[in-house]
Amino acid sequence: MSGLLSAIRLQQAGIDFAVVEKNADVGGTWLENSYPGCRVDSANHVYSYSFRPQDWPQHFSPQPVLRQYFTDTADEYGLRDRIRFNTEVESATFDEASGMWRVQVNGPDGAETLVANAVISAVGQLNRPKMPDIEGVGAFAGPAWHSARWRHDVDLTGKRVGVIGTGGSAFQFVPVIADQAESVTIFQRTAPWIVPNDTYFQEVPQGKHWLLNHVPFYAKWFRFNMFWSAAEGLLQAVAAGDDWNRPEESVSELNQQFRESLLANLQEVLNGHPDLIEKCTPDYPPGAKRALIDDGKYLRTLLRDDVELLTDGIDAITEKGVRTADGVEHEFDVLIYGTGFKASSFLHPMKIYGLQGKELHDVWRDEPRAFKGITVPGFPNLFCCYGPNTNIVVNGSIIFFSECEVRYILGCLAMVMQSNGKALDVKPEVHERYNQWIDEGNAGMAWGQSGVNTWYKNASGHITQNWPYTLLEFWQQTREPEAQDYNLI
Ligand code: NAP
């Protein structure tokens, strides 16, 4: 999504570029995640490029529709010829003498070095599947796979299926595979917060289509209103209040109200099943971890006789299935890992060598940081999309963020071209000051206050993923680069 966007903007600016893509097609996350039930959880009228609106059939599109949107975007802008498919970047090295990046790629024709004035990373935060740190992973004798590597060749009909994880991916595929499998057993470590949305699977009504297509400016107003009410509005509900001390429940009075409304929904759908209500009640504040959205479908699936939710810790993966801490071995025909991604390993596994030959990951030492999520001191003309601290938690749209980032990056390139220098390097003190401000912001949010396990944090508990302020603030931060923030080299 960010890569196509970068290409479009570079093309419009008349700047020569090449796109390197490890997959055989465009689409990124919407190409790789093809698990049953996969669909977007930000409303499509905001989860789309501002310059490429579409008459979406549903409010929240399923994966094939989104994949088509990005495929169409690539075709419409004639980008395919500019993309080297099936090609992976292995390393990028900044040459101080020439001020150029030498990018080592490996593709169908073997290894090659591309030389460029600037490098834009558009690899995302949620791309590299993470297998759980559980003894015996790999020992299971039957088919086993990660949700982002779905085995469509395995028919689940009549199969006993074990699922590890209850994050956004498992939450979506469990209700679908429950209709096929003989039984589904879900291993839950942490209960997710579930936000009900009656429109989640619904078609956009005909009247709304008519308004979007015929009333001047209605579509723009509709999109803006969604941003404003859903994103900025909810932010306050996950911000910490002063003197509020209920770390396992909520972080403010408003957050407590939010909690109670979510619990009321849970209790209503699971009415008469106190055991399930207890298992599904999170012991951390709403907003501390990514909340999941549907119309109650997942919770209703848990009520089926052939679906079981287990909360006992996992001891080991065995040849036959999963052994829980109580010593019971649960036997399965198929095992599916919905265990997420290596979110904190930004730009992994690429090696990026900046000034004095320093490697980016050695500099970060598991604490990825960037100025505005985009530039890193010592790595001139290296720009990140969806870099450190640019993930949004309560709605909004990550595409909006990418648009802000790419506009800023184009501004940086213009600044270099209009100067006598070769490259821009963000000043360390500017970067430091900015990250202090980010840390302060995150410390005041539910995800910064709670000790709950989440991909928003790195291994040491530092929030490396999230943007803690408003969408408007990010738009202002990235409107245009300021010369005083950078050294020209
Ligand atoms: P995730 O949210 O990181 O969830 C991973 C799950 O695996 C969690 O329930 C986690 O438990 C569990 N897990 C990991 N290691 C484990 C272990 N050793 N033992 C037991 N359980 C373990 O991953 P995801 O579901 O793939 O979703 C990732 C993100 O992708 C989402 O948050 C969302 O941002 C995005 N996504 C979006 C959509 C959408 O737009 N609709 C759909 C899917 C995903 P803990 O909670 O205890 O860590």
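All figures in this text were calculated on a predicted structure; none of them were measured in a lab. All heavy atoms count here, side chains included; hydrogens, waters and symmetry mates do not. Ligands are counted one by one from 1 in listed order, and the atoms in each one are counted from 1 as well.
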Among all protein heavy atoms, pick out the one at the shortest distance from atom 47 (O) of ligand 1; state its residue, atom name and that distance to 0.1 Å.
T190 OG1, 2.5 Å

Show me the donor-acceptor pairs, under 3.5 Å and distance only, between side chains in residues 159-178 and residues at least two apart or in other chains.
residue, atom, partner, partner atom, Å
K159, NZ, D155, O, 3.0
R160, NE, D333, OD2, 3.2
R160, NH2, D333, OD1, 2.9
T166, OG1, T190, O, 3.2
Q172, OE1, Y35, OH, 2.7
Q172, OE1, R39, N, 3.2
Q172, NE2, R39, O, 2.9
Q172, NE2, Y200, OH, 3.0

Of all protein heavy atoms, the one nearest atom 5 (C) of ligand 1 is G338 O, 3.3 Å

Proximity of F258 and W193 rings by center, below 6.0 Å:
no

Residue pair W467, E473: steps toward the side chain to side chain contact (heavy atoms under 4.5 Å, CB included) verdict:
CA-CA 10 Å; W467 169 254; E473 180 71 48; 3.7 Å; yes

Atom 36 (N) of ligand 1 within contact range, any protein heavy atom under 4.0 Å:
no

side-chain contact (heavy atoms from CB on, under 4.5 Å) partner of W455, the single match among K289, Q125, K342
Q125

Using heavy-atom distances, let me know which of I164, L292, D41 sits nearest atom 40 (O) of ligand 1.
D41

Apply side chain to side chain contact (heavy atoms under 4.5 Å, CB included) to Y284 and E248, showing your working.
CA-CA 4 Å; Y284 58 89; E248 291 178 1; over 6 Å; no

What part of Y456 sits under 4.0 Å from ligand 1 if we count only heavy atoms: the side chain, the backbone, both or neither?
neither

Per-pair distances, 0.1 Å, donor-acceptor, side chain in residues 268-278, under 3.5 Å, sequence neighbours excluded:
none

Between F474 and Y469, ring centroids under 6.0 Å
no

Side chain to side chain contact (heavy atoms under 4.5 Å, CB included), that's the test. Do S183 and E308 meet it? Break it down for me.
CA-CA 8 Å; S183 67; E308 190 177 19; over 6 Å; no

Between F187 and H330, is the gap from one ring center to the other below 6.0 Å?
yes

How does Q188 reach ligand 1, by side chain, by backbone, by both or by neither, if only non-hydrogen atoms under 4.0 Å count?
neither

Should one rank P62, P192, S169 by closest heavy-atom distance to atom 25 (O) of ligand 1, which comes out on top?
S169

Near Y35 (heavy-atom distance under 4.0 Å), the atoms of ligand 1 are 42 (C), 43 (C)

Closest non-hydrogen protein atom to atom 23 (O) of ligand 1, residue and atom name please, with distance?
G340 CA, 3.0 Å

For ligand 1, which atoms have a heavy atom of R290 less than 4.0 angstrom away?
32 (O), 33 (C), 34 (O)

Which of the numbered atoms in ligand 1 are below 4.0 angstrom from a heavy atom of F341?
26 (O)

Less than 6.0 angstrom separating the ring centers of W221 and F224, yes or no?
no

Please identify which atoms of ligand 1 are closer than 4.0 Å to at least one heavy atom of V40.
40 (O), 41 (N)

Reference residue M350; test side-chain contact (heavy atoms from CB on, under 4.5 Å); the match among V123, L360, V119:
V123

In terms of atom number and element, which parts of ligand 1 are under 4.0 angstrom from non-hydrogen atoms of K289?
45 (P), 46 (O), 48 (O)

Shortest protein contact, atom 30 (O) of ligand 1 (heavy atom only):
L126 CD1, 3.5 Å

In plain terms, say whether D295 and R300 are close enough for a salt bridge, that is, a side-chain N and a carboxylate O under 4.0 Å apart.
yes

If we only consider heavy atoms of K130, is any one of them less than 4.0 Å away from an atom in ligand 1?
no

Counting non-hydrogen protein atoms only, what is the nearest one to atom 41 (N) of ligand 1? Give residue, atom name and distance.
R39 O, 2.4 Å

For atom 8 (C) of ligand 1, which candidate among V137, T166, I398 holds the nearest heavy atom?
T166

Are F400 and F227 an aromatic pair, judged by ring center distance below 6.0 Å?
yes

Could you name the option among G37, G167, A343 that has the heavy atom nearest to atom 2 (O) of ligand 1?
G167

Protein contact to atom 31 (C) of ligand 1 [nearest heavy atom, distance to 0.1 Å]:
W455 NE1, 3.8 Å

Distance under 4.0 Å to a non-hydrogen atom of I134: what atoms of ligand 1 satisfy this?
17 (C), 18 (N), 19 (N)

Using a strict 4.0 Å cut-off to heavy atoms of P132, name the atoms of ligand 1 that fall inside it.
15 (N), 16 (C), 17 (C), 18 (N)

Answer yes if the ring centres of F222 and H45 are under 6.0 angstrom apart, and no otherwise.
yes

Just which atoms of ligand 1 are under 4.0 Å from any heavy atom in G165?
6 (C), 7 (O), 9 (O), 12 (C)

Could you tell me if any non-hydrogen atom of Y284 lies under 4.0 Å from any atom of ligand 1?
no

Nearest-contact summary for atom 48 (O) of ligand 1 - protein heavy atom, Å:
R189 NH2, 3.0 Å

